Amino acid sequence: MATAVHRNGSLSGVSLRVFVLVGFGGGALTQALLFAVFLVLYVVTVLGNLTMIVVITLDARLHSPMYFFLKSLSFVDLCYSSAIAPNALVNFLSTSKVISFEACATQFFFFSLLATTETFLLAVMAYDRFMAICSPLRYPVTMCPTTCTRLVLGTFCVGCLNSIVQTSLTFQLPFCSSNRIDHFYCDVPPLLQLACASTALNELFLFGLCGFIIVSTTLAVLVSYGYITVTILRMHSGSGRHKVFSTCGSHLTAVSLFYGTLFVMYAQPGALTSMEQGKVVSIFYTLVIPMLNPLIYSLRNKDVKDALQRLGQRHSLVKAVRGCPEAGGNASV
């Protein structure tokens, strides 16, 4: 059923079929500047994560559990930012900024699924490092390809379950006070502000589920790295200790950035009322962090840098080989 929308954003009907993504304020110049910033962030995110996926897939030396999880993280980051950025870019150049009820629900479903998946995937990566460093003899058996695949699929299953719960609870609410979402994508906090019914249950589930997910995965990471730290301090080899610290440091940096921003947005009281802060924080975990992850893991990881170098040398060699017959043909003429 269509719903009439007044100039002030109030609705005359009881059934809402479209939303307006308010996004960021400002005139045409501000919107153009934001478009350029988002476009650069998104392009770098896509190129960086695609590069990681291609390099890990093509280089046989990176076919290990750690890089399997890293490739999975790059895939999640690529999909994660793609669920938000393209629509935001279109809205920066649009005057209407309208999104349908179904498109809004779909966007939120995939956003929630991928965000939850990444949270658990980072915890799985910490467990992988724990097994590799603290139980190296059992590691090849414990983290076999079948187990790694099941762990990654498990993170997607948990993400899907949380997303179904959050999406169902949010979009069964009656939205009749306004259709203007004070955000640049569909998310729970701004949507709850539009509901004309009690949102106590939704807020309880939001804080409860998100709090449980963040706290449980953070504990898993902290326990894993607690054991890893003790093992590292017992090492006699300085080079081995440096390599382990370098690998684990990259992962801890990624974990701190992602978990920190999620906690600020979803797992603290008052998160539902600070929309302006929420928009800025959202840029970090939807675009900046997915862009930084490939840089963090590649710049601080010698194996990845060596693989990139080998891939570049192989590409140059292929070009040289393809150019030889042509050069020879020109010489004979």
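From a predicted model like this one, the values you see are computed outputs, not experimental measurements. Atom set for the values below is all heavy atoms of this structure, side chains included, hydrogens, waters and symmetry mates excluded.
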Could you list the donor-acceptor pairs under 3.5 angstrom formed by side chains in residues 103-114, with sequence neighbours left out?
from, atom 1, to, atom 2, distance (Å)
Thr106, OG1, Glu102, O, 2.8
Gln107, OE1, Cys186, N, 2.9
Gln107, NE2, Ala83, O, 3.2

Determine which pairs satisfy salt bridge (Lys or Arg N to Asp or Glu O under 4.0 Å) with at least one residue from residues 130-142, sequence neighbours left out, and list them in order. none

With under 30° as parallel and over 60° as perpendicular, where do the rings of Phe24 and Phe184 fit, or are they tilted in between?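 The arrangement is parallel - the two ring planes meet at less than 30°.
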
In terms of side-chain geometry, is the basic nitrogen of Lys279 or Asp182 positioned less than 4.0 Å from the acidic oxygen of its partner? yes

Is the closest side-chain heavy-atom distance between [X] and [Y] below 4.5 Å?
X: Val152; Y: Val124; value: no
X: Val255; Y: Tyr225; value: no
X: Val288; Y: Ile283; value: yes
X: Val304; Y: Met52; value: yes
X: Ser74; Y: Asn293; value: no

Exam field: side chain [X] to backbone [Y], donor-acceptor pair closer than 3.5 Å:
X: Thr167; Y: Ile164; result: no
X: Asn49; Y: Thr45; result: yes
X: Gln166; Y: Ser163; result: no
X: Ser168; Y: Val165; result: no
X: His183; Y: Val188; result: no

Any chance you could measure [X], atom [atom1], to [Y], atom [atom2], to the nearest 0.5 Å?
X: Leu73; Y: Leu121; atom1: CG; atom2: CG; value: 5.5 Å
X: Phe75; Y: Leu70; atom1: CZ; atom2: CG; value: 14.5 Å
X: Met125; Y: Tyr67; atom1: CE; atom2: OH; value: 10.0 Å
X: Leu78; Y: Ser82; atom1: CG; atom2: OG; value: 4.5 Å
X: Thr116; Y: Leu209; atom1: OG1; atom2: CG; value: 9.0 Å
X: Asp128; Y: Met66; atom1: CG; atom2: CE; value: 7.5 Å

Is the distance between the ring centroids of Phe19 and Phe175 under 6.0 Å? yes

How about Phe38 and Phe92: are their ring centres within less than 6.0 Å of each other? yes

Between Arg61 and Arg310, does the side chain to side chain contact (heavy atoms under 4.5 Å, CB included) criterion hold? Intermediate values first, please. CA-CA 11 Å; Arg61 300 184 190 184; Arg310 286 193 297 270; 3.2 Å; yes

Write out all pairs satisfying ring-ring contact (aromatic ring centres under 6.0 Å, His included) with one or both partners inside residues 127-164, taking only residues at least two apart or from two chains. Phe130-Tyr227

Evaluate the ring-ring contact (aromatic ring centres under 6.0 Å, His included) criterion for residues Phe171 and Phe101: first the C-alpha distance (whole Å), next the side-chain angles of each, then the deciding distance (0.1 Å), finally the verdict. CA-CA 9 Å; Phe171 286 89; Phe101 182 91; 5.5 Å; yes

Phe258 reachable from Phe120 in the ILVMFWY side-chain graph, under 4.5 Å edges: no

Mind checking whether Met291 and Val37 sit in one hydrophobic cluster, side chains of I, L, V, M, F, W, Y counted as touching below 4.5 Å?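 Both belong to a single hydrophobic cluster.
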
Establish, from distance only, whether the side-chain atoms of Thr117 and Tyr80 form a donor-acceptor pair under 3.5 Å. no

